[in-house]
There are 2 protein chains.
Amino acid sequence: MDRIDRKLLKLMQEDASRTNADLATEVGLSPSSCLRRIRRLRSAGIIDRVVAVLNPAKAGRGVKAIITVELERHGEQYVRRFLDMVAAEAAVTQAYSVSGATDALLMLRLKDMDELDALTERLFGEGSNVARYYTSFVIRTGKETTAIPL
Amino acid sequence: MDRIDRKLLKLMQEDASRTNADLATEVGLSPSSCLRRIRRLRSAGIIDRVVAVLNPAKAGRGVKAIITVELERHGEQYVRRFLDMVAAEAAVTQAYSVSGATDALLMLRLKDMDELDALTERLFGEGSNVARYYTSFVIRTGKETTAIPL
DNA sequence: CTTGAAAAAAAGTGCCC
DNA sequence: GGGCACTTTTTTTCAAG
């Protein structure tokens with residue numbers, strides 16, 4: 001991981017649809033050397049995957065909600081079970097167990113409020129090990145990037 | 001946006017490095033028709049961009065932190081100013097103003113604790129309009145996807 | 001062991017139907 | 001939407017630093 005690798009990763013985190021030849025010019029390498037590096041970064045797992053990022057509003061998923069969850073039983077296996085359960089929901093884009101006052105935090109992409117209602121009923125209803133949950137909605141998005149600083 | 005578009009988007013949200021010919025076969029279209037659709041989805045802005053997603057741990061950013069923020073002055077222009085300020089930080093990957101008990105939520109990607117210390121001092125120190133903030137750390141990641149359900 | 005030039009293979013592109 | 005000729009890009013090969 002030298003300066004050129006970092007530059008490559010930075011560029012590809014912004015736009016991975018650029019051609020290899022293009023990237024090569026940008027980092028001052030020949031196309032073949034550049035490709036070798038990209039492949040190495042990929043097989044080393046530093047580049048996890050290349051994906052298309054959609055515009056949520058245009059894809060009909062304009063509502064972003066954040067739910068913080070307090071579990072009834074906090075043990076590790078219960079937390080894990082909870083995360084597995086919520087991960088199975090397509091509307092859940094991020095699910096974390098966290099330190100602090102609450103046990104978990106979920107990030108949701110919803111079509112409308114009805115979807116949220118159905119989802120909370122399904123996930124946090126009877127016999128779900130959820131003691132309490134707090135829902136907030138995203139009003140304004142100041143930043144939303146997949147890029148990691150290098 | 002018909003069934004084929006949705007299928008294409010679904011595939012590209014998982015792996016956008018697949019070739020057009022490959023995607024065409026998958027959705028049962030000729031390469032030229034498929035490419036036309038992809039271009040249309042792109043120029044319509046439904047596909048916002050194509051990016052490389054890195055493995056945070058392997059890229060040296062293993063610490064994920066979530067900060068909820070309560071502002072001193074809650075007016076819209078103050079919230080906006082706050083979001084603009086935090087968005088400028090490379091370690092901040094997501095920044096939202098939210099409904100509910102707190103005003104904003106930040107998602108951070110950090111190298112270590114020292115970086116967090118420096119960042120909170122810089123963002124929430126003297127004269128920052130931040131009344132209170134609560135930091136939690138991600139213990140386990142149950143799910144983390146950029147894919148939006150269709 | 002890494003680089004770069006050039007050939008070969010594959011993919012993308014645009015025009016026509 | 002599909003077919004086909006044309007262009008561009010990717011990928012392999014191989015010689016050189």
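Numbers restart at 1 for each chain; the letters A, B, ... are given by sequence-line order, proteins then strands. Values below: all heavy atoms of this structure, side chains included; hydrogens, waters and symmetry mates excluded.
- For the pair A:R42 CZ and D:dT10 P, the interatomic distance rounds to 13 Å; values are reported in whole Å.
- An OP1 or OP2 oxygen of D:dT10 is reached within less than 4.0 angstrom by no side-chain nitrogen or oxygen of A:R39.
- Under 3.5 Å, the side chains of B:K143 and A:T93 contain no donor-acceptor pair of N or O atoms.
- Within 6.0 Å of CD in A:E76 there are 12 or fewer heavy atoms belonging to other residues, nucleotides or ligands.
- A donor-acceptor contact under 3.5 Å is not formed by the side chain of B:R36 with the base of C:dG14.
- Counting to the nearest Å, the P atom of C:dA9 and the CG atom of A:N20 are 19 Å from each other.
- Taking atom CG of B:L35 as the reference point, atom P of D:dC4 lies 18 Å away to the nearest angstrom.
- Within 4.0 Å (heavy atoms only), B:R18 reaches no atom of the nucleic acid at all.
- Rounded to whole Å, atom P of C:dT13 lies 13 Å from atom CG of B:L23.
- Judged by distance alone, the side chain of A:K64 and the main-chain N or O of A:F137 form no donor-acceptor pair under 3.5 Å.
- Among the nucleotides D:dT12, D:dG2, C:dT3, the one closest to any side-chain atom of A:S33 is C:dT3.
- Put simply, the side chain of A:R61 gets close to the backbone of A:R109: a donor and an acceptor are under 3.5 Å apart.
- Rounded to whole angstrom, the span from the CZ atom of A:R37 across to the P atom of C:dC1 amounts to 16 Å.
- With hydrogens and angles ignored, a donor-acceptor pair closer than 3.5 Å exists between the side chain of A:S32 and the base of C:dA5.
- For B:D2 and D:dG1, the CG to C1' distance is 12 Å, given to the nearest whole Å.
- Of the candidates C:dG4, D:dG1, D:dT11, the closest approach to any side-chain atom of B:L29 belongs to D:dG1.
- Residue B:T19 places its side chain closer to C:dG12 than to any other of D:dT12, D:dG1, C:dG12.
- Interface remark: the B:S30 side chain does not form any donor-acceptor pair with the D:dG3 base, using a distance-only criterion of under 3.5 Å.
- Side-chain N or O atoms of A:D48 include none that pairs as donor or acceptor with a backbone N or O of B:L54 at under 3.5 Å.
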